[in-house]
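What follows is a short report on a single structure.
These values consider heavy atoms only, across backbone and side chains, with no hydrogens, waters or symmetry-generated copies.
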Amino acid sequence: MKTTNITIKLLISIINIVITFILSLPFLIYYGISIEWKILWIMIFLVYNIVVETAFGRCIGMMVLKARYEFQKSFWQTTLYVTLYTASFSTLLFYVRFPFDLLFINLLVQLLFILSTGTTLHGYLSGGVKTIKT
């Protein structure tokens, strides 16, 4: 088995983002594109990932793309991983100078970590958690 490549990792995240965006749509309709909606979407992303990772041992994006973790994570590794993954996701919704500036920096950091360690920053900080193709 080999670790997943950058494209697979990105597609896994896109699937998770789309799922949680759909779950956040009622709040978007109610609040509009506001700080309240952004915070709710981030909370939905966090809860979704905790629930799915705990129930199935991997996210729906990984299931769709037939990927799994290289090793079984502990509860604390899962909690740290999901928390850091959510922080990474949140860069999609906020910016400092111009839209998506934090996302661009995040993607650059993730790319550098994937190329140097075979995993994302959140995977690395969670104990070297890597995804592999099944």
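- Separation of atoms CG (Leu40) and CG (Leu23) is listed at 12.0 Å; rounding is to 0.5 Å.
- Smallest separation of non-hydrogen atoms from Thr83 and Thr79: OG1-O, 2.7 Å.
- Residues Trp41 and Ile29 do not share a hydrophobic cluster, defined by chaining ILVMFWY side chains whose heavy atoms lie under 4.5 Å apart.
- When only modelled atom types and interatomic distance are considered, Tyr85 and Thr120 share no side-chain donor-acceptor pair under 3.5 Å.
- The minimum heavy-atom distance between Asn16 and Gly61, with the atom names listed, is OD1-N, 3.3 Å.
- Between Gln77 and Tyr69, the closest side-chain pair of non-hydrogen atoms is not below 4.5 Å.
- Atom CZ of Phe71 has more than 12 heavy atoms from other residues, nucleotides or ligands within 6.0 Å.
- Linking ILVMFWY residues whenever their side-chain heavy atoms come closer than 4.5 Å, directly or via other members, leaves Ile105 and Leu107 in distinct clusters.
- When the side-chain contact (heavy atoms from CB on, under 4.5 Å) test is applied to Leu121, the partners found at least two apart in sequence or on another chain are Val109, Gln110, Phe113, Leu125.
- When all heavy atoms of Tyr124 and Thr117 are compared, the pair lying nearest together is CD1-CG2, 3.9 Å.
- Relative orientation of the Phe45 and Tyr48 rings is tilted, given thresholds of 30° and 60° on the angle between their planes.
- Of the inter-residue distances, the one linking Ile17 atom CD1 with Leu11 atom CG reads 11.0 Å to the nearest 0.5 angstrom.
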Worksheet entry | Leu92/Phe21 under side-chain contact (heavy atoms from CB on, under 4.5 Å): CA gap, chis, key distance, verdict | CA-CA 12 Å; Leu92 175 67; Phe21 176 76; over 6 Å; no

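- The OG1 atom of Thr86 sits 10.5 Å away from atom OH of Tyr81, with the distance rounded to the nearest 0.5 Å.
- For the side-chain contact (heavy atoms from CB on, under 4.5 Å) with Ile114, the qualifying choice from Asn5, Leu10, Thr3, Ile6 is Ile6, the only one to do so.
- When all heavy atoms are compared, the tightest approach of Lys38 to Leu93 is NZ-O, 3.0 Å.
- Under a cut-off of 6.0 angstrom, the local environment of OH in Tyr95 is sparse, with at most 12 non-hydrogen atoms contributed by other residues, nucleotides or ligands.
- In terms of the side-chain hydrogen bond (donor to acceptor under 3.5 Å, both in side chains) criterion, residue partners of Lys9 (sequence neighbours excluded) are, by chain and number, Thr4, Thr131.
- Note that the CD1 atom of Ile35 and the CH2 atom of Trp37 stand 11.0 Å from one another [nearest 0.5 Å].
- Interatomic distance, Ile50 CD1 to Leu46 CG, rounded to the nearest 0.5 Å: 4.0 Å.
- With hydrogens and angles ignored, the 3.5 Å screen pairs no side-chain donor or acceptor of Thr119 with any backbone N or O of Gly128.
- If you chain together hydrophobic residues whose side chains sit under 4.5 Å apart, Ile132 and Val64 never meet in one group.
- Phe100 has its side chain out of reach of Thr91: every pair of non-hydrogen atoms, C-beta onward, lies at least 4.5 Å apart.
- Annotation for Asn106 and Ser88: closest pair ND2-OG, 2.8 Å, computed over non-hydrogen atoms.
- When all heavy atoms of Leu65 and Ile8 are compared, the closest pair comes out as CD1-O, 3.9 Å.
- Atom NZ of Lys66 has 12 or fewer neighbouring heavy atoms from other residues, nucleotides or ligands inside a 6.0 Å radius.
- At a threshold of 4.5 Å between side-chain heavy atoms, the hydrophobic network of Ile, Leu, Val, Met, Phe, Trp and Tyr places Ile60 and Val47 in two separate groups.
- The line from OG of Ser13 to CE of Met62 is 10.5 Å long, rounded to the nearest 0.5 Å.
- Judged purely by atom type and a 3.5 angstrom limit, Asn49 has no side-chain atom pairing as donor or acceptor with the backbone of Val82.
- Ile33 is connected to Leu25 through a chain of hydrophobic side-chain contacts under 4.5 Å among Ile, Leu, Val, Met, Phe, Trp and Tyr, so both are in one cluster.
- Side chain of Arg58 to main chain of Ala67: a donor-acceptor pair is present (N/O by atom type, distance under 3.5 Å, no hydrogens or angles).
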